[in-house]
Protein chains: 2
Amino acid sequence: MGWEHDNGPKVRIMGTANIKDVAARAGVSVGTVSNVLNDSPRVAPESAKRVRAAIADLGYVRNDAARQLRAGRSNNVGLIVPDARNPFFADVALGAEEAASGRGLSVLTGNVDGNADREAMYLGLFEEQRAYGVLISPLRNVEPRLEALHDRGIPVVQVDRVARGERISSVSVDDVVGGRLAIEHLLGRGRRRIAFIGGPAGIRQVEDRHRGAVTGLAATPGARLERIDTGAQTVLEGRRAGERLRARPPRRRPDAVFAANDLLALGALQALVMAGDIRVPEDIAVIGYDDIDFAASAVVPLTSVRQPARTIGARALELLLTEGEDPGVGAQQIVYQPELVVRESS
Amino acid sequence: MGWEHDNGPKVRIMGTANIKDVAARAGVSVGTVSNVLNDSPRVAPESAKRVRAAIADLGYVRNDAARQLRAGRSNNVGLIVPDARNPFFADVALGAEEAASGRGLSVLTGNVDGNADREAMYLGLFEEQRAYGVLISPLRNVEPRLEALHDRGIPVVQVDRVARGERISSVSVDDVVGGRLAIEHLLGRGRRRIAFIGGPAGIRQVEDRHRGAVTGLAATPGARLERIDTGAQTVLEGRRAGERLRARPPRRRPDAVFAANDLLALGALQALVMAGDIRVPEDIAVIGYDDIDFAASAVVPLTSVRQPARTIGARALELLLTEGEDPGVGAQQIVYQPELVVRESS
DNA sequence: TCGTACGGATGAATCGTTTCAACATGAAGG
DNA sequence: CCTTCATGTTGAAACGATTCATCCGTACGA
């Protein structure tokens, strides 16, 4: 190459070295360096040592973009969650991350925060990045979009929502059953005027849980279900809904509240007991959904419908792997059953 | 090219089309397609229309790896959080995401879950990906690592921790002041035997808050601070610590608990009041840290030290931008002041 | 008529890695 | 001495987008 001597000005700025520089410094070819990087067995120990020394000297770090370009796909799994502030999804993420580590995959999470545009943005991002796969708990129905990813060779698994079509896999919990469990529990406690507090209409989880509640109610004559819509599924919105109930004259209040998730339930619970004139569960029973950690330490420990969040995340990632390895296998729908956790609030 | 006719077998499998295919189909050069993709002004409307039609027909999606390879950096900002289950970090993330959107950047979050290996893994990942920048709330001191990223041209901002060196920017809240605020509040309520419950020793936030507590205590003779170490900063660990306190004979119990974060505080609070023989705050006052949403809806609404989580995230991202645009500017250390939020638990 | 300016379009070079057919070397076997 | 085999190593091709010097027409002014 003609610059063995006078290496002063040839020194690259630290951190810009590429595989060629490493090869030159170690006195081997780029192919050999690449073999060392991917610890292929076909490298003599002596060469490997020199290569590793050169890497350390130059502060070389592999350029993943080039690697991906060549490979055609990346080793990142995209996880798209509707609301990172909901601990339920943090748990799902944890399950996925645990399953991914050790298999050379990394999970990168995109937080949609209830915004459909951002959901589309992250889907586009992972598509452009040719992610190894995508896990998504969609806000609304985006299956056409997901099938497009699938066709591009990016495995997709829907989390917390059963896929309608037959091409996308999913891992979920039966929310209709969960809603029914909740309502039957309240009915069993003698409650008849029940309020359902739920996030923006159209959100699948909300609708399914509501539907389950309606179903469960049908068998009991005289039982009523009122629906209170909220703008989002947050503690704040729950509090607002609770305040609206508290503002009513006592006899127009429900005798039980079923919230579509624990954030709403905790907010509502707080608003109800705040003034002290309403007792939970005596006057109004409250039940939530997800059984997040905070449910147990609420003003009144919260009855809730538990979902196996971590298991869901882990299982979803495993489905992704099987599809990634063998794209031929058909889609699978895995449905877990929810579990009622009774505490003092009901 | 010789295949204008007989386009049957030439049709690419949907989703594998590249920019050349688009160019061929639109009857223009790849350069022109690229110009359309990056909406450069130098394209005749007519050509642009044909290109867009071709893109739609072929289901073309840009390959980000190739784009990044050429560009030398990506448009993704990596956010590394120590514990996604702590709503505080979800809020920080939200702040960063809001600041990023609209500037063509996406935030991808890596959850370390208290595991230093995974922290290193995500740092390596974002380095290999040549991320636009990295925001990190480090578990322990990783500044050497961060400076390496910095030298490679990847801006780094430490979140929730003041940088020691002068090369890395940071956005944080003064945890020593926060610890002092908490302890002074408890002292002001007449408490003298205080227990500090904190995550694994060595975690910076824990140590700073503890240090602040010790400082605040010094002025009051007769006041004692006991330290109870936990293995992690979770609700569960907090509950365990609370149970240990409850198991003591009444006179050996503290008269106040200061927890290093709200998760610990909520767990401890729950354990303390569970049996009913301990009253909060009469027998034992409890104060937490972060003022997460759930603090207000706890068994006994929790007094806490508030940090402006969203602002921190947003500000950190802005620092990243200024460094990204002009790498010459020096590092900045932004420190916010914490704020005491008094509720019923103290 | 010639020169020039300008809006558009072109396509080869480039980014950094992996892959793989081909090659070099030495040892073992006939 | 000639094959055959195993073990390492080589380096050019390929991945797909962006960039930029160059080129093509056309219109306008002198």
Side-chain angles (χ1 to χ4, degrees), chain A residues 1 12-13 15-51 54-55 58-75 104 124-125 127-130 152-153, chain B residues 1 12-13 15-52 54-55 58-75 104 124-125 127-131 152-153:
Chain A
M1 301 220 163
R12 288 246 197 181
I13 296 165
T16 312
N18 61 20
I19 201 171
K20 262 189 193 161
D21 301 323
V22 174
R25 172 135 192 157
V28 298
S29 73
V30 293
T32 299
V33 175
S34 178
N35 282 335
V36 172
L37 288 174
N38 301 290
D39 41 41
S40 122
R42 282 284 152 99
V43 179
E46 171 59 23
S47 311
K49 212 172 78 184
R50 289 219 313 284
V51 169
I55 288 175
L58 297 171
Y60 167 78
V61 169
R62 191 196 349 253
N63 183 327
D64 200 44
R67 195 239 269 268
Q68 278 183 42
L69 172 57
R70 184 64 233 250
R73 63 152 54 168
S74 98
N75 287 320
L125 183 68
E127 192 174 13
E128 288 194 353
Q129 307 217 2
R130 308 291 193 263
R152 193 176 302 286
Chain B
M1 303 225 160
R12 286 246 198 183
I13 295 166
T16 311
N18 62 18
I19 200 171
K20 260 188 194 161
D21 300 324
V22 173
R25 172 136 192 155
V28 299
S29 73
V30 293
T32 299
V33 175
S34 178
N35 282 335
V36 172
L37 287 175
N38 301 290
D39 42 40
S40 122
R42 279 287 154 97
V43 179
E46 171 59 21
S47 310
K49 212 171 77 184
R50 288 219 312 284
V51 169
R52 271 189 274 272
I55 288 175
L58 297 172
Y60 167 77
V61 170
R62 191 194 354 253
N63 183 326
D64 200 44
R67 195 241 268 269
Q68 278 183 41
L69 172 58
R70 185 66 232 252
R73 64 152 54 169
S74 97
N75 288 320
L125 183 67
E127 190 174 14
E128 289 193 351
Q129 306 217 1
R130 308 292 193 263
R152 193 176 303 284

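Letters go in sequence order (proteins before strands), and every chain restarts at 1. What you see is a predicted model, and the numbers here were worked out from it, not measured in a lab.
Distances were taken from every side-chain heavy atom of A:Arg42 (C-beta onward) to each of D:dT7, D:dC15, C:dG8; the shortest belongs to D:dT7. When the nucleotides C:dA9, D:dA17, C:dT18 are ranked by their closest atom to the side chain of A:Arg62, C:dT18 comes out on top. Closest to the side chain of A:Tyr60, out of D:dT9, C:dT17, C:dG8, is C:dT17.
Atoms CG (A:Asn18) and C1' (C:dT18) sit 14 Å apart, rounded to a whole Å. Note: CG (A:Asn75) to P (C:dT17) measures 15 Å, nearest angstrom. Look at CG on A:Asp64: it is 19 Å from P on C:dC15, rounded to the nearest Å. One can place CG of A:Asp39 at 11 Å from P of C:dT18, the figure rounded to the nearest angstrom. When the P atom of C:dA9 is taken as reference, atom NZ of B:Lys20 falls 20 Å away, rounded to whole Å. One interatomic measurement links the two molecules: CD1 of A:Ile19 to P of D:dA12, which rounds to 15 Å at whole-angstrom precision. Distance, A:Glu46 CD to D:dT9 P: 9 Å, rounded to whole Å. Rounded to an integer number of Å, the gap from A:Arg130 CZ to D:dA17 C1' is 11 Å.
Overall, the helix from C:dT1-D:dA30 to C:dG30-D:dC1 carries an axis bend of 60° between its ends, with five pairs at each end and the value rounded to 10°.
By the 4.5 Å heavy-atom criterion applied to side chains, B:Gln68 and B:Arg130 are not counted as neighbours. Contact annotation: the side chain of B:Val22 never approaches that of B:Arg25 to less than 4.5 Å [non-hydrogen atoms, C-beta and beyond]. Looking at heavy atoms from C-beta onward, A:Arg67 lies out of side-chain contact with A:Asn63 at the 4.5 angstrom threshold.
Between the A:Asp39 side chain and the A:Val36 main chain, no donor and acceptor come within less than 3.5 Å of each other. The backbone N or O of A:Ala24 sits nowhere less than 3.5 Å from a side-chain atom of A:Asp21 that would complete a donor-acceptor pair. At distances below 3.5 Å, at least one donor-acceptor pair connects side-chain atoms of A:Arg50 with backbone N or O atoms of A:Ala26. With B:Asn38 contributing its side chain and B:Ser34 its backbone, the two residues share a donor-acceptor pair below 3.5 Å.
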Please write out each protein N/O paired with an N/O of nucleotides 19-23 of chain D under 3.5 Å, distance rounded to 0.1 Å.
from   : atom 1 : to      : atom 2 : distance (Å)
D:dT19 : O4'    : B:Arg70 : NH1    : 3.4

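Every residue two or more places apart in sequence or in another chain was checked for a salt bridge (Lys or Arg N to Asp or Glu O under 4.0 Å) with B:Arg62, and none qualifies.
Taking the nucleotide of DNA chain C with the nearest heavy atom to each of B:Ala66 and B:Ala44, the more 5' of the two is matched to B:Ala44. Each of A:Leu69 and A:Val28 was matched to the nucleotide of DNA chain D holding its nearest heavy atom; the match closer to the 5' end belongs to A:Val28.
Taking 4.0 angstrom as the limit, A:Asn63 places none of its side-chain polar atoms (N or O) nearer than this to OP1 or OP2 of C:dG16. The phosphate of D:dG8 (OP1 or OP2) has no side-chain N or O of A:Thr32 nearer than 4.0 angstrom.
Shortest non-hydrogen contact noted between A:Val30 and A:Ala23 is N-CB, 3.7 Å.
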Practice problem: Check step by step if side-chain contact (heavy atoms from CB on, under 4.5 Å) holds for B:Leu37 and B:Ile19. | Solution: CA-CA 10 Å; B:Leu37 287 175; B:Ile19 200 171; 4.1 Å; yes
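Residue B:Val43 is classed as a sugar-phosphate contact, given heavy-atom separations below 4.0 Å to backbone atoms only. Residue contacts for B:Arg67: at a heavy-atom cut-off of 4.0 Å it reaches the sugar-phosphate backbone alone, with no base atom in range.
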